[in-house]
Asker: 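Here it is, the structure, as structure tokens.
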Amino acid sequence: MKELPKAYEPKKYENDIYKRWEESGFFNPDNCEKFGLVDGAKGSFSMVLPPPNVTGTLHIGHASMLAIQDLVTRYKRMQGFRTLWLPGTDHAAIATQTKVEKLLIEKGIKDPKKELGRDKFLAEVEKFAQESHDTIIDQCKKMGSSMDWSRESYTLDEARNLAVRTVFKKMYDDGLIYRGYRLVNWCPRCKSTLADDEVEHKEQIAKLYTFKYSKDFPIAIATTRPETKLGDVAVAVSPEDVRYAKYIDQEFVIKNFGGGADLKIKIIAEAGVDTTFGTGAVGVTPAHSATDYEMAQRNDLPIIKIIDEDGLMTKEAGEKYLGKAVKVARAEVVEWLKANNLFEKEEEVPNNLSICYRCGYAIEPLPSRQWFVDVNKEFILPNSSIEGIKSSDKVTLKKLMQQVINNKQIEIIPDRFEKIYFHWINNLRDWCISRQIWYGHRIPVWYCRGLDKGKCLPGCEKPLVSVDVPQKCPNCGSVDLVQDPDTLDTWFSSGLWTFSTLGWPNKTIDLKNFHPTSLLETGYDILFFWVARMILMTTYTLGQIPFEKVYLHGLVRDEKGRKMSKSLGNVINPLDTISEFGADATRLSLLLGNTPGNDLKLSQEKVEGFRNFTNKLWNISRFMLLNIPNPKMDVKLPEAKTVSDKWILTHLSETIEDTRSNIDSYQFSLAGEKLRDFTWNELADWYLEIAKIEGGKEEILNYILNTILKLWHPFMPFVTEAIWKETYRDAELLMMQKYPDFNQKKAEEEALLFELYIVRIISKTRSLRADFKVKPSSKINALIDIAGSVFIPTVEIDQQIEKEIQEKFKFIKNNEAIIKGLGRLEHVDFSMNKFINGSHLGRGVTLALDLAGVVDLEKEKDRLQKEIESLNKYISGIESKLSNTDFVEHAPSAVIEKEKQKLAEAKEKISKISNQLK
RNA sequence: GGGCAGCUAGCUCAGUUGGUUAGAGCACCGCUUUUACACAGCGGGGGUCAAAGGUUCGAAUCCUUUGCUGCCCACCA
């Protein structure tokens, strides 16, 4: 017999337990296999950790992700799958560089990049990334994550760099990567391009200015950005617009617009122009607006770049504006328009401002020479294992991305995100992958600087794309090669994550064992950034899907549903809740009440509630251990000695089945709630109390404890492992035990009867006691009468009914001790067919408490009267249902039978109560 | 402008293919320190399931419309 401390103190156990897990080596599937803990028939289960950015520390959203993934991992591992959960971190290029720049500026370095230079600056970034990485890893461990640290990866390490270079080269050779001068999203603060989906929109009120370019110009236009008009090449009007039809195709020259350059403006017809907005005419600025750029392409118009990468006006805007900031230029253009009487009006309109998703700065669209991935170019996919795409078929990247979802090779949970995914792909444009920042994978492209400085041969201008550093120009033989200064979009390398982490481009055993991965669990907020790009990169590179299922979780919000942010001061730090309430409570509060794809509201109270539950489980075990002198680890389903045993074992069996099927269908919350109900309500509140009365339950308690620890382990690994150790001392880890299997045993009828009779009698006894304010300490007497069940509508007691009554009598009498104990009764008399006055519990059972001296007669009358009222309502509802011929004709007979039974039962009750009132 | 969710007890949410008098946790009220647990136990109150219409014998559940709330997407200059 062992005794545990009264309350569970997570701090005393968690670190040691994690250490034991880690030292066991079983986070690594190779070791599980070596020790025969893998069931060959089950195969592999693999999952990559969505690598957290090394921009800082983990927040509660990460904790939620870790809780879900660790739950699945432990569950699969306990089932005998060859289970791999592969960890790593993401260099997060722009984000990390921006962060470090900020920190250095705070330290007093005004322009860190300029002052330090590339190498020193990068060293600073790496130092920061390393520190951040260490914190992240530590936090993962604090959460109990059972990841295989021996396979840890980084999106910017050597192995991943090889994968990046190899894929880049392959895509270039297939013509899917090209270099082009095109309009890109430019962040003047980050001084880099951004992909389309890295641009966010913020609603604002903008000033809309209406004016004419010149006195002679026939059409007024409206714009929110007058300074860009210095780069206008056309005015677009709707072809339907009668006001402007006559001007279409005319050309105008505006001398010295805004005091700057001359403009050549052609009037063009564009169907997309809204005749009701502004003047119904749009000034077209191809270099600084995506829409206008497309119009220019369609109409063969020139592109005049008047804003540069620093957000300053170029000389194309005219000498007057050269080098001036955009905002300054705007004011000057407006001023000029007013001075020249061209200005018509100024009004406020709602407007969407494009901003950088990393730094929030306004995006400047501008034309630039960049590297792109062509999503529409056709190519052939050798080694295709994509269903519906043969190795000889021509495909595009877009088509690949659509196909794997269409053919259900990849399933997205919840499936509503599939629609969103398709919509995104349909609108997808070529992906700009080059970034003008320093922290990232250098683009594996070199340029020849000539055999003899600047004297290249024809053909030398072709970029030299190579996995390894090329020694000389293959065209002219020069060794004077210079690498492209740009780096790659961080999502280019994280897009390779499922296979680059498994050793690709080498043909490794890991790739064979673990790819495609089984599950990708991540937030819906990076569906496009990451999930879609992994699908793109993996299907293209391997001809394989990256994962079979995508489970998307939502955001963790505060108790009011607001996003957590430092400025609001509502951030819940997982380390704080772990330290205050324990990792298990933190995990449960993130797992339960959380449904796929939906945001979760979290409050301190919620975590507290689960801390209470952890402690409850601890105390349940504490009590059980007091009653299990010799805990045994290998358990078989024990034999039930009493009805209560049958009852609890039946419920346990159901619980195993429900837990498993809920986890299997990704309903983690339901699984946990079911387990909690069983543990707290059925086991603790009923069965353990019964065990105190009946005694002699060592074997069954041992079985139940053993089983629920296993069932709970994936949810709350620490406390279960701690109890396991206390129970079985030197035994092996709970983590590696076999997850309980549902035994197909049918629910025992007696188990149901236990609820129908015993539980009902006790509950009624308790509620009557409370109603009549009987002191809990005073034990009273009761009378229980057992008559024929109302199901047989006959007054005569034939043999069959007699037998039924006898059996029922025996059944209830057998549980007298429990009834007395839990109902706090001194003495219970049993009778047969006495039709006594009392509470009618249905099925012919009547309960009467001896309340002599305690009963307030008037109060009792009131109570009965109320009960009659409610019963009458109930009865009339059923009667009207049953008298409805439509119902009787259409409803299935089972439903009608049920209604009839309910009616009979209610009627009997009411007649008995009326009797009593007399 | 297009799309997707959500609207069920004071709060957070369950409610699987339509079929008990719609459930749980927290909070609330009353009682209890009955030796596993007061981070507990027992009992209790509380909802016309956002609104309207429709389908059906029967709707929280299916359909239509509307209203809020949130999110995503989009080239109204």
Side-chain angles (χ1 to χ4, degrees), chain A residues 3-4 6-8 197 201 208 221-225 236 272-274 276-279 281-285 289-295 349-352 414 416-417 419-420 423-424 427 524-525 527-528 554-555 559 561 581 585 592-595 597-603 605-606 608-627 665 667 669-670 673 676-677 680-681 684-685 688-689 692 763 766-771 773-777 822 824 870-871 873-874 877-878 881 884-892 894-896 898-899 901-902 906:
Chain A
E3 201 165 338
L4 305 181
K6 228 173 168 180
Y8 174 61
D197 42 338
H201 302 279
L208 183 71
I221 59 159
T223 183
T224 51
R225 296 198 57 186
V273 176
D274 179 355
T276 63
F277 188 87
T279 61
V282 186
V284 179
T285 321
S289 153
T291 325
D292 295 5
Y293 181 81
E294 280 166 22
M295 287 191 208
V349 293
N351 175 260
N352 269 330
R416 64 185 145 95
F417 284 100
K419 258 190 214 166
I420 300 172
H423 182 256
W424 182 79
N427 293 304
Y524 65 71
D525 52 326
L527 177 61
F528 308 138
L555 266 51
E559 69 265 275
F581 303 112
L592 274 72
N594 189 355
T595 43
N598 293 324
D599 293 350
L600 171 80
K601 285 179 196 154
L602 187 70
S603 59
E605 289 74 47
K606 193 174 173 192
E608 226 174 282
F610 285 108
R611 183 271 320 265
N612 295 355
F613 178 70
T614 350
N615 191 55
K616 184 75 185 178
L617 182 69
W618 178 262
N619 273 290
I620 287 169
S621 310
R622 184 167 180 249
F623 171 77
M624 287 170 97
L625 283 179
L626 292 172
N627 290 279
S665 57
Q667 303 196 275
S669 180
L670 277 183
E673 282 162 36
R676 181 184 54 186
D677 286 349
W680 205 322
N681 304 336
D685 290 346
L688 295 188
E689 294 305 320
K692 288 179 190 169
S763 298
R766 285 168 166 175
S767 79
L768 284 172
R769 289 180 62 116
D771 276 357
K773 310 227 183 295
V774 179
K775 275 188 192 160
S777 53
L822 300 190
R824 304 196 65 73
S870 116
L871 278 168
K873 253 192 209 166
Y874 179 50
I878 301 174
K881 219 183 217 180
N884 182 345
T885 49
D886 284 331
F887 172 73
V888 180
E889 277 167 30
H890 289 92
V895 172
I896 297 173
K898 240 184 193 174
E899 293 297 319
Q901 282 173 16
K902 288 192 305 200

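None of the values given here were measured: they were computed from a predicted structure. Any value given below was found using the heavy atoms of this structure, including those in side chains, with hydrogens, waters and symmetry copies removed. Below, read A as the first sequence line, B as the second, and so on, with proteins coming before strands; counting in each chain starts at 1.
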Asker: Calculate the interatomic distance between Asp292(A) atom CG and rC75(B) atom P; express it in whole Å.
Answerer: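 Answer to the nearest Å: 12 Å.
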Asker: Taking rC31(B) as the reference, what is the distance to rG18(B) when you measure between their C1' atoms (whole Å, please)?
Answerer: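 After rounding to an integer number of Å, I get 42 Å for this pair.
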Asker: Just wondering, do Asn619(A) and Tyr8(A) contact through their side chains at under 4.5 Å, heavy atoms?
Answerer: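 A side-chain contact is absent here, since even the closest heavy-atom pair is not under 4.5 Å.
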Asker: In whole Å, measure the gap between the P atoms of rA5(B) and rC11(B) for me.
Answerer: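 Looking at atom P only, rA5(B) and rC11(B) are 25 Å apart.
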Asker: Which value, in whole Å, describes the distance between the C1' atoms of nucleotides rC7(B) and rG47(B)?
Answerer: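 It comes out at 14 Å once rounded to the nearest Å.
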Asker: What nucleic acid atoms does Asn352(A) come within less than 4.0 Å of, heavy atoms only: base, sugar-phosphate, or nothing?
Answerer: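 It contacts base atoms.
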Asker: Within the distance-only criterion (no hydrogens, no angle test), does the side chain of Asn598(A) pair as donor or acceptor with the backbone N or O of Asn594(A) below 3.5 angstrom?
Answerer: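 No; zero donor-acceptor contacts below 3.5 Å.
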Asker: Just call it for Leu527(A): base, sugar-phosphate, or nothing, with non-hydrogen atoms closer than 4.0 Å on any strand.
Answerer: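 Nothing, no nucleic acid heavy atom in range.
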Asker: Take the protein atom CZ of Arg225(A) and the nucleotide atom C1' of rC76(B), then report the distance between them rounded to whole Å.
Answerer: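 After rounding, the reported distance stands at 16 Å.
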Asker: State, with a plain yes or no, whether a side-chain heavy atom of Trp680(A) is found less than 4.5 Å away from one of Phe613(A).
Answerer: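 Sidechains of Phe613(A) and Trp680(A): in contact.
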Asker: Counting heavy atoms from C-beta on, name the nucleotide in rU21(B), rC4(B), rG25(B) closest to the side chain of Arg676(A).
Answerer: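 When the side chain of Arg676(A) is considered, rG25(B) is the closest of rU21(B), rC4(B), rG25(B).
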Asker: Could you tell me how far rG41(B) sits from rC26(B) if I compare only their P atoms? Round to whole Å.
Answerer: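 These two P atoms come out 9 Å apart once rounded.
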Asker: Please state the C1' separation for the pair rA22(B) and rG46(B) - nearest whole angstrom.
Answerer: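 Approximately 13 Å lies between the C1' atom of rA22(B) and that of rG46(B).
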Asker: When the distance from CG of Leu670(A) to P of rG23(B) is rounded to whole Å, what number comes out?
Answerer: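 Value for this atom pair: 17 Å.
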Asker: Taking atom NZ of Lys898(A) and atom CD1 of Ile878(A), what is their separation to the nearest 0.5 Å?
Answerer: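 One finds 12.5 Å between NZ of Lys898(A) and CD1 of Ile878(A).
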Asker: Between rA74(B) atom C1' and Ile420(A) atom CD1, what is the distance in whole Å?
Answerer: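 Spelled out: CD1 on Ile420(A) to C1' on rA74(B) is 14 Å.
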Asker: Using the C1' atom as the point on both nucleotides, what is the distance between rG19(B) and rA60(B), in whole Å?
Answerer: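 Comparing C1' positions in rA60(B) and rG19(B) gives a spacing of 14 Å.
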Asker: Give the nucleotide from the list rA24(B), rC75(B), rC57(B) with an atom nearest to the side chain of Thr291(A).
Answerer: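 Closest nucleotide to the Thr291(A) side chain: rC75(B).
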Asker: Does this structure show an ion pair linking Glu673(A) with Arg676(A), if we count only N-O contacts that are shorter than 4.0 Å?
Answerer: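 Result for this pair is no, no salt bridge flagged.
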Asker: Rounding to the closest angstrom, what is the interatomic distance between rC37(B) and rA50(B) at atom P?
Answerer: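 44 Å, rounded to whole Å.
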Asker: At under 4.0 Å between heavy atoms, which parts of nucleotides 27-41 of chain B does protein reach? Answer with one letter per nucleotide, 5' to 3': B base, S sugar-phosphate only, - none.
Answerer: ----SS---BB-BSS
Asker: Can you measure Gln901(A) atom CD to rU21(B) atom P for me and round it to whole angstrom units?
Answerer: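 Atom-to-atom, Gln901(A) to rU21(B), this comes out as 13 Å.
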Asker: May I have the distance from Phe528(A) (atom CZ) to rC4(B) (atom P), rounded to whole angstrom?
Answerer: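 So the CZ-P distance, Phe528(A) to rC4(B), works out to 14 Å.
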Asker: Show me the dot-bracket string of RNA chain B, counting Watson-Crick or G-U pairs under 3.5 Å, with | for pairs to another strand and [ ] for crossing ones.
Answerer: ((((((((.[[[[.)...(...]]]].(((((.......))))).....[[[[[..)....]]]]])))))))....
Asker: Mark yes or no: Lys902(A) above the aromatic ring of Tyr874(A), with NZ or CZ under 6.0 Å from the six-membered ring centre and no more than 45 degrees from the axis.
Answerer: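 No.
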Asker: Look at all strands and tell whether Ala891(A) reaches a base, only sugar-phosphate, or nothing, counting heavy atoms closer than 4.0 Å.
Answerer: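 Base: the residue Ala891(A), judged by heavy atoms under 4.0 Å, touches a nucleobase.
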Asker: Measure from CG on Leu822(A) to P on rG43(B) and round the result to the nearest Å.
Answerer: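 To the nearest whole Å, that distance equals 10 Å.
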Asker: Quick one: are Thr614(A) and Phe581(A) in side-chain contact, heavy atoms under 4.5 Å?
Answerer: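 They are not in contact (no side-chain heavy atoms under 4.5 Å apart), so the answer is no.
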Asker: How far, in whole Å, is rA9(B) from rC49(B) if one measures between their C1' atoms?
Answerer: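 Their C1' atoms lie roughly 10 Å apart.
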Asker: Which protein N or O atoms sit under 3.5 Å from an N or O of nucleotides 10-13 of chain B?
Answerer:
from	atom 1	to	atom 2	distance (Å)
rC13(B)	OP2	Lys601(A)	NZ	3.2

Asker: Is Asn598(A) close enough to rG6(B) that one of its side-chain N or O atoms is under 4.0 Å from OP1 or OP2 there?
Answerer: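 For rG6(B), OP1/OP2 do not have a side-chain N/O of Asn598(A) under 4.0 Å.
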Asker: Hey, does Val349(A) reach any base, or is it just sugar-phosphate, or nothing, if we go heavy atoms under 4.0 Å?
Answerer: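 Result for Val349(A) = nothing.
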Asker: Give the rounded distance in Å between these two atoms: CG of Asp886(A) and C1' of rC57(B).
Answerer: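 In whole Å, rC57(B) C1' and Asp886(A) CG are 5 Å from each other.
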